[in-house]
Amino acid sequence: MKAPDLNRALVLEAAQRVSDGAGGYTESWAALGVLWAAVDPGTGRDVPGVEVTLASVPYRITVRAAPYGAPSRPKPEQRFREGARIFTILAVTERDPAGRYLTCFAREEAPT
């Protein structure tokens, strides 16, 4: 198997709850680090939303593997950021039998 071309720097982010001072919370995103990745798009489609139609495109994002529990190991419900683009992580699996790389199945959504 050929090694992936990890040529894009993506910021891995995790959601954090921040107290709003009135007994509730707001959600913010904290950067966990930068991972070099190969980003491969799938086939796009339009998804009807509540007020707008969203263009949804699936992606396979390949990064170097990290041990379970390491902050650098992506998890579902985290996200990658590349500038203004955001890729929500849906699932993560090993890409190769030796476990050198991970494939993150992600979705980028943008209002149309």
Side-chain angles (χ1 to χ4, degrees):
M1 175 173 53
K2 182 179 157 189
D5 185 15
L6 307 179
N7 61 1
R8 291 169 72 172
L10 303 179
V11 177
L12 179 62
E13 297 180 332
Q16 292 186 331
R17 288 184 173 184
V18 178
S19 173
D20 64 5
Y25 67 91
T26 59
E27 189 173 85
S28 67
W29 290 90
L32 300 177
V34 176
L35 300 178
W36 285 92
V39 179
D40 298 307
T43 303
R45 65 186 178 107
D46 286 337
V47 179
V50 175
E51 295 183 17
V52 297
T53 299
L54 297 176
S56 177
V57 178
Y59 284 85
R60 286 182 183 224
I61 299 175
T62 303
V63 297
R64 290 194 191 281
Y68 283 100
S72 59
R73 185 181 177 97
K75 298 183 228 176
E77 298 181 12
Q78 290 180 335
R79 68 186 191 180
F80 289 113
R81 176 183 293 275
E82 183 181 40
R85 297 178 73 183
I86 294 174
F87 304 92
T88 303
I89 301 171
L90 305 173
V92 179
T93 188
E94 282 76 20
R95 179 179 184 265
D96 59 304
R100 292 175 295 207
Y101 298 97
L102 298 173
T103 297
C104 301
F105 297 91
R107 180 181 62 235
E108 178 185 30
E109 291 183 350
T112 58

Side chain to side chain, P74 and V63, heavy atoms closer than 4.5 Å
yes

S72 versus L12, closest heavy-atom pair with distance
O-CD2, 4.1 Å

For side-chain contact (heavy atoms from CB on, under 4.5 Å), just list the numbers for T93 and F105, CA-CA rounded to whole Å, side-chain angles, deciding distance to a tenth of an Å, and then say yes or no.
CA-CA 8 Å; T93 188; F105 297 91; 3.7 Å; yes

Interatomic spacing from OH in Y68 to CZ in R73 - rounded to 0.5 Å:
4.5 Å

Are R85 and E108 ion-paired here, with the side-chain N under 4.0 Å from a carboxylate O?
yes

Atom CZ of R81 with >12 non-hydrogen neighbours under 6.0 angstrom
yes

Tightest non-hydrogen contact, residues P4 and A38, listed as CB-CB, 4.3 Å

Between E77 and W29, which heavy-atom pair has the shortest distance, and what is it?
O-CH2, 3.6 Å

Side-chain heavy atoms of Q16 within contact of E27, under 4.5 Å
no

OH-OG1 distance between Y59 and T62, expressed to the nearest 0.5 angstrom:
14.0 Å

Grab the two heavy atoms, one from G24 and one from D20, that are nearest each other, plus how far apart they are.
N-OD1, 3.0 Å

State plainly whether one hydrophobic cluster holds both F87 and L32, where clusters connect Ile, Leu, Val, Met, Phe, Trp and Tyr through side-chain heavy atoms under 4.5 angstrom apart.
yes

Can you list the steps and then say if V57 with R107 is a side-chain contact (heavy atoms from CB on, under 4.5 Å)?
CA-CA 6 Å; V57 178; R107 180 181 62 235; over 6 Å; no

For E94 and Y101, does a side-chain donor sit closer than 3.5 Å to a side-chain acceptor?
no

Rounded at 0.5 Å granularity, tell me how far CD in Q78 sits from CD1 in I89.
5.5 Å

Under a 4.5 Å cut-off applied to non-hydrogen side-chain atoms, are V11 and E82 in contact?
no

Could you measure the distance from the CG atom of L102 to the CG atom of L35? Nearest 0.5 Å is fine.
9.5 Å

Roughly how far apart are L10 CG and F80 CZ, rounded to 0.5 Å?
6.0 Å

Inter-residue atom distance C104.SG - R79.CZ, 0.5 Å rounding:
15.0 Å

